[in-house]
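To keep things clear, I will list the structure first and then write my remarks on it.
The figures here come from the full heavy-atom set of this structure, side chains too, leaving out hydrogens, waters and symmetry mates.
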Amino acid sequence: MIKKFIDKLLGKSTPGAPGSKPHFGKREEVPASVHGIDPGLVDPHAAEVVATLKQAGFDAYIVGGAVRDLLLGLRPKDFDVATNATPEQVKRLFRRAFIIGRRFRIVHVVHGRGREHEVTEVATFRAYLDNAAADQVAGNEKTSRAQLSGMQHAVDASGRVLRDNVWGPQDEDATRRDFTVNAMYYDPVGQIVVDYHKGLRDAKKKTLRMIGDPAARYREDPVRILRAVRFAAKLSPLGFGIEAKTAAPLVQSQALLADVPQSRMFDEMFKLLQTGHAIATIGQLRKLGLARGIYPLLDLTVERAESALVQAALLDTDRRVGQGKSVAPSFLLACVLWEDVRRGWTGRLNQRQHPQPALQEAIDEVFEQRIGEVSGRGKLAADMREIWALQPRFEKRVGNTPFGMLTQPRLRAGFDFLRLRADIGEVSEALAAWWQDFQDADDERRQDLMDQAREEQKARPKAPPVARRLPRNAPPAVAADPEPALPAQDHAPKKRRRRRRKPDGAADGAGNGTATPLD
């Protein structure tokens with residue numbers, strides 16, 4: 001209380017609070033002997049970008065989550081750089097650099113070529129501006145680019161930042177960031193950490209604390225709600241938790257997400273589920289009271305997280321990310337929505353529809369009900385459709401089908417899906433094992449596997465004949481009087497062959513005369 005009273009007397013208050021004067025914190029330079037960052041964990045490309053900017057006379061630091069992870073002894077996935085150079089000045093220093101972004105202009109510095117290339121993201125220090133004094137825009141985050149043209153700092157009526165390209169000093173840039181542990185700067189050349197908001201202290205206390213007034217910061221960018229969940233899930237194994245004041249407005253602020261474009265929400269959903277902490281994320285959403293109402297597909301994933309297939313898919317995703325392997329959004333979403341597809345497919349099969357058209361109709365129905373136009377019916381939808389469409393084809397292990405399957409571009413994803421289905425008992429383990437062997441075998445071994453499958457098919461009891469559906473106007477069948485059973489015969493009687501009658505005068509085997517020539 002005394003500290004708050006003194007802050008008011010000195011004109012200090014909580015940044016982000018309505019009518020407050022921002023407090024930018026005090027710069028602290030922490031030496032390597034205190035922070036203990038291992039230089040070997042620093043990405044050499046990011047260090048090279050920092051060194052190039054510093055040689056050109058600019059200030060430059062690795063910033064954000066990378067610094068947090070380095071302090072915790074983790075190897076960061078991404079390394080971002082912050083500098084006082086403008087995007088145009090940054091671009092001139094690097095041979096392959098591109099200015100991107102509308103709301104926030106940044107520079108992508110590209111290292112390497114082809115699929116092996118890496119990107120270092122470079123952002124200019126931004127000024128902390130009072131949103132009440134910014135250009136007011138009628139609308140929300142979906143506001144068109146034309147409406148924002150000529151504006152450097154624009155917000156909507158609720159205080160959400162729509163554009164922010166006003167450059168400023170480092171202390172103001174630090175205050176603009178969300179959590180204290182994400183607002184530190186690391187200089188890999190001088191090996192010092194710059195801290196304005198006690199981020200190092202919070203990292204040691206294992207606390208996620210919002211800079212400024214949490215409710216106001218969520219209004220500036222509602223996606224910070226999801227970032228809070230993501231960081232809590234990622235750091236919870238290390239004992240981190242969200243500060244009570246930071247967590248308190250989360251549920252109340254959840255409604256702000258309704259105005260965020262669906263495409264951005266779609267991307268943020270997969271950041272939650274595909275960064276290696278999917279199971280922990282589901283737990284955090286439930287713990288914080290956010291299990292429903294954020295985004296329909298995310299709500300469905302949380303709801304089905306305990307089902308066998310979805311849980312297996314989430315665990316498999318975490319495992320693959322932990323091993324440095326790639327993960328595809330289409331695969332996880334195909335697992336989440338398979339229950340709907342299978343239910344629709346089974347219903348159509350019960351109506352005696354052909355299997356493949358029935359499956360395609362069920363898929364179309366699920367796309368309309370669950371996904372809508374978010375995916376644009378693009379690559380994501382095409383990949384999901386192929387994964388599902390391959391499932392009944394795995395049942396066919398004779399003829400040309402197995403060799404044809406080897407040419408399918410999505411065979412591996414379809415097989416991984418089959419593997420998960422086998423793990424939960426939805427299909428036989430033997431089927432998944434057969435396809436694993438078939439993919440790994442040479443041609444001779446593949447032929448042996450197909451012969452084995454053919455013998456198994458012959459030994460399998462035949463399905464009972466399907467009763468044909470009678471026409472609607474057909475008279476009901478009348479039961480005939482029972483007849484005595486005929487004695488069993490060793491062989492069924494041969495079908496009598498009908499002889500073709502010959503014209504009069506034609507020759508036959510008995511020698512009845514000569515054939516009459518035709519006119």
Side-chain angles (χ1 to χ4, degrees), residues 64-65 68 77-78 80 100-104 106 121 123 140-143 156 158 160-164 177-179 182 208 210 214 217-236 242 246-247 249-305 310 313-314 317-318 321 327-333 335-337 370-376 378-381 384:
R68 177 201 65 222
K77 180 182 178 183
D78 299 308
D80 298 334
I100 66 167
R102 175 168 67 99
R103 297 176 67 220
F104 309 103
I106 58 177
E121 190 172 285
N140 51 43
E141 199 173 335
K142 303 173 185 176
T143 303
D156 66 8
S158 67
R160 182 183 291 105
V161 178
L162 302 180
R163 174 166 286 185
D164 185 7
R177 298 182 181 272
D178 45 21
F179 299 96
N182 293 341
L208 287 170
M210 181 70 71
R217 304 308 303 278
Y218 295 141
R219 283 197 300 274
E220 288 175 359
D221 185 1
V223 171
R224 285 178 176 145
I225 297 170
L226 304 185
R227 285 170 62 83
V229 175
R230 179 152 52 93
F231 294 142
K234 176 179 179 178
L235 300 174
S236 59
I242 302 179
T246 300
L250 284 173
V251 175
Q252 182 181 358
S253 303
Q254 182 178 338
L256 298 170
L257 293 167
D259 290 332
V260 177
Q262 294 291 291
S263 57
R264 190 180 180 198
M265 289 297 298
F266 197 73
D267 292 340
E268 291 295 331
M269 177 186 73
F270 284 110
K271 286 182 182 179
L272 285 175
L273 300 176
Q274 294 197 297
T275 52
H277 312 281
I279 296 295
T281 295
I282 300 296
Q284 286 293 329
L285 288 168
R286 290 170 174 164
K287 177 181 177 181
L288 296 170
L290 302 173
R292 295 200 62 81
I294 288 184
Y295 185 64
L297 279 175
L298 182 60
D299 295 348
L300 185 65
T301 304
V302 176
E303 177 185 326
R304 294 180 175 176
V310 176
L314 294 172
T317 299
D318 287 350
V321 174
V327 291
S330 56
F331 185 84
L332 180 58
L333 201 54
C335 293
V336 172
L337 297 178
R370 296 294 194 186
I371 300 180
E373 296 301 322
V374 173
S375 67
K379 186 177 185 305
L380 177 82
M384 291 168 60

- Side chains of Thr275 and Lys234 in contact at under 4.5 Å (non-hydrogen atoms): no
- Message: Closer than 3.5 angstrom, by distance alone: can the side chain of Thr281 be matched with the main-chain N or O of Ala233 as a donor-acceptor pair?
- Response: no
- Output yes when Arg68 and Asp178 qualify as a salt bridge under the 4.0 Å nitrogen-oxygen rule, no when they do not. no
- In this structure, CG of Leu314 is separated from CD1 of Ile279 (nearest 0.5 Å) by 4.5 Å
- Evaluate side-chain contact (heavy atoms from CB on, under 4.5 Å) for Leu208 paired with Thr246, printing each intermediate quantity in order. CA-CA 8 Å; Leu208 287 170; Thr246 300; 5.9 Å; no
- If you look at every heavy atom in Ile242 and Ala228, which pair is closest and at what distance? CD1-O, 3.8 Å
- Item | Minimum heavy-atom distance Tyr218-Leu256, with the two atoms named | O-CD1, 3.8 Å
- Starting at CE of Met269, measure out to CD of Gln274 and round the result to the nearest 0.5 Å. 8.5 Å
- Min side-chain heavy-atom separation Glu268-Val260 under 4.5 Å: no
- Message: Closer than 3.5 angstrom, by distance alone: can the side chain of Arg304 be matched with the main-chain N or O of Val336 as a donor-acceptor pair?
- Response: yes
- Message: I need the Asp259 CG to Met265 CE distance, nearest 0.5 Å.
- Response: 11.0 Å
- Task: Taking all heavy atoms of Ala123 and all of Ile106, pick out the closest pair and write down the distance.
- Result: CB-CG2, 3.9 Å
- side-chain contact (heavy atoms from CB on, under 4.5 Å) evaluation trace for Leu337 with Ile371: CA-CA 10 Å; Leu337 297 178; Ile371 300 180; 4.0 Å; yes
- Message: Can a donor-acceptor pair be found, under 3.5 Å and without considering hydrogens, that links the side chain of Arg224 to the backbone of Arg217?
- Response: yes
- Query: If you round to the nearest 0.5 Å, how far is OG1 of Thr317 from CG of Leu273?
  - Reply: 8.0 Å
- Message: Are the side chains of Leu272 and Tyr295 in contact, using a 4.5 Å heavy-atom criterion?
- Response: no
- Query: About how many Å separate OG1 of Thr301 and CZ of Phe270, when rounded to the nearest 0.5 Å?
  - Reply: 7.5 Å
Let me have the donor-acceptor pairs involving side chains of residues 282-293, under 3.5 Å, with sequence neighbours excluded, atom names and distances please.
from: Arg286; atom 1: NH1; to: Glu306; atom 2: OE2; distance (Å): 3.0
from: Arg286; atom 1: NH2; to: Val302; atom 2: O; distance (Å): 2.8

- Message: Let me confirm one number: the CG-CG distance from Leu298 to Leu226, rounded to the nearest 0.5 Å.
- Response: 7.5 Å
- Message: Ignoring hydrogens, what is the shortest heavy-atom contact between Ala278 and Asp318? Give both atom names and the distance.
- Response: N-OD1, 2.8 Å
